[in-house]
Number of protein chains: 2
Amino acid sequence: MHSDSIKVPKFTLKRLPLYYRCLRACLDRNQEYVSSEQIGKAAQVNAVQVRKDLALFGAMGTPGVGYCVADLKAKLEEVLGLNNVNEAVLIGVGRLGRAIIDYPGFERYGLHIVALFDSNPELIGTQVSGRPVFSTQEILHIIRRLQIKVAIITVPAEYAQSIANVLVEAGIRAIWNFAPAVIEVPSHVVLRNEDLAAGLATLFHYLAERNE
Amino acid sequence: MHSDSIKVPKFTLKRLPLYYRCLRACLDRNQEYVSSEQIGKAAQVNAVQVRKDLALFGAMGTPGVGYCVADLKAKLEEVLGLNNVNEAVLIGVGRLGRAIIDYPGFERYGLHIVALFDSNPELIGTQVSGRPVFSTQEILHIIRRLQIKVAIITVPAEYAQSIANVLVEAGIRAIWNFAPAVIEVPSHVVLRNEDLAAGLATLFHYLAERNE
DNA sequence: CCGAGTTTGTAACATTTTTCACATACTATA
DNA sequence: TATAGTATGTGAAAAATGTTACAAACTCGG
């Protein structure tokens, strides 16, 4: 591994995808150059912050003009690792699972969902959005054989932990948990709990603030 | 509005829902007391941080014992405003929209989705998960009549901005945007862009880090 | 009642992140 | 070729966040 030449702070990393989204929008509009101000507005971030973030990995703009959209986009893709394809499996083909399978953007971000798992017998053996659905009983076997390292959990909260245990046993290295449950994994596994409802707290907070 | 007595820092606010989730799990387990260490583990946060966050709004634990789960949960509900019910509408009854309508937790967080909108004639006039689906043409009319202040956008990216414009015109005060698009609203409207793919960046980053 | 073992609350410190201020560099127009 | 306008790059200051360390408070077993 020699990608350590680029060391991006945690907080910058969270903003980069927002910048990236803005760049894509610019490209769609055939806009050739973009200013830090414009990016900042789209990402709800200070313009100086944007410049500093971009400067971190050597993305330079030209004064008086801005950043070249195409170049910057390419640079971001490199830093975010969007060119590396990561194969993943998804467990729980319910509404949330299906929404994620079809969410436009995951593929673009290098996440390639190759297999699905569910416990519903009616689904097992079928295809959902072009991916085969296997029984949850086969998780261990299939993940090991395919050597998958990333898993997405979209099962009901009460099953999340037991699924996670099996995934870890199967050799999964990163878990993206959308189930509204607290799960625990060994320290060598990267866990990201995505709490959709958490965003509500922030939203309501600002809403209440405005109403004063 | 007299909740201004409690002023919670932005970052604390993002962590509180994670603590809350942990408390719910404790309650399900009939656990009476919980330590900051345990909460921290569940929320992937330092224990001292947890104590500091909780101290901010006067939640006190007892040394040697921990925090009373029931009390702390009640306190958090108050701070996060989970007792206030916020009525909301959702635009875009696709997979993502349906996933959100049924996501277990929004109701619990005080978000009450009362009406849906879509442009698909086959959906209009039907009910989805118990909510009526109206035409997107009626957004202005219905939102004004119902006096809804919160809207959730789950339409395809290319329609997000125009939908947002209508919502603003209808008097919406807070928009929660799940569409993978950059949208702009007047400053008096609270906008939260939820980029599901953004979490991937963090996940992959840590994954790469571990692999070194 | 005492002492070992926990766990909180908080002050002091270290680190990170954000903002401010301003010099520098490019474009365009006259 | 000036000159005005715009936008970047970056050092320094400010703010915030996170960590460490430790005294105080509680429980429990003897």
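What you see is a predicted model; the values in this text were computed from it and never measured.
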Quick check, are the ring centers of B:F204 and A:W176 under 6.0 angstrom apart? no
Length of the CD-C1' vector between B:Q38 and C:dT8, whole Å: 15 Å
Just wondering, more than 12 heavy atoms not from B:K149 lying within 6.0 Å of its NZ? yes
Within the distance-only criterion (no hydrogens, no angle test), does the side chain of A:N193 pair as donor or acceptor with the backbone N or O of A:N177 below 3.5 angstrom? no
Quick one: on DNA chain D, does B:Q49 or A:M60 contact a more 5' nucleotide (nearest heavy atom)? A:M60
Check the phosphate of D:dG9 against A:Y67, side-chain N and O only, distance under 4.0 Å to OP1 or OP2. Yes or no? yes
Taking only the side-chain heavy atoms of A:F11 (C-beta and beyond), determine which of C:dT17, C:dT8, D:dT17 contains the nearest atom. C:dT17
Is there a donor-acceptor contact under 3.5 Å linking the side chains of A:Q147 and A:E87? no
Is there a side-chain contact (heavy atoms from CB on, under 4.5 Å) between B:I39 and B:V34 once you walk through the steps? CA-CA 7 Å; B:I39 298 177; B:V34 62; 3.8 Å; yes
Within this structure, what is the CD-to-P distance between A:E37 and D:dG9, rounded to whole angstrom? 14 Å
Figure out the CZ/P separation between B:F57 and C:dG9, and round it to whole Å. 12 Å
More than 12 heavy atoms from other groups under 6.0 Å of OH on A:Y159: no
Are any side-chain N or O atoms of B:R144 and backbone N or O atoms of B:E169, one a donor and one an acceptor, separated by less than 3.5 Å? yes
Within a 6.0 Å radius of atom CD on A:Q137, are there more than 12 heavy atoms belonging to other residues, nucleotides or ligands? no
Within 6.0 Å of CD in A:E37, more than 12 heavy atoms from elsewhere: no
Near DNA chain D, under 4.0 Å by heavy atom, which residues of residues 185-194 of chain A? none
Side chain of B:R15 (C-beta onward), nearest among D:dT10, D:dG18, C:dT8: D:dG18
Name the orientation class of the two ring planes belonging to A:F117 and A:F134 (parallel below 30°, tilted from 30 to 60°, perpendicular beyond 60°). tilted
Would you find more than 12 non-hydrogen atoms of other residues, nucleotides or ligands less than 6.0 Å from A:E107 atom CD? yes
To the nearest Å, give me how far apart CG (A:L16) and C1' (C:dT17) are. 14 Å
Expressed in angstrom and rounded to an integer, what is the separation of A:K14 atom NZ from C:dT17 atom P? 10 Å
Whole-Å gap separating P (D:dT17) and CG (B:L13): 11 Å
When the ring centroid of A:Y67 is compared with that of A:Y19, is the distance short of 6.0 Å? no
Roughly, in whole Å, what's the span from CG in A:L72 to P in D:dA7? 16 Å
Short heteroatom pairs, N/O only, protein and nucleotides 20-30 of chain D, under 3.5 Å:
residue : atom : partner : partner atom : Å
D:dC26  : O4'  : B:P63   : O            : 3.3

Note: contacts of residues 29-36 of chain A with DNA chain C (heavy atom, under 4.0 Å) are none
Contacts of A:A47 and A:K10 projected onto DNA chain D by closest heavy atom; the upstream (5') one is A:A47
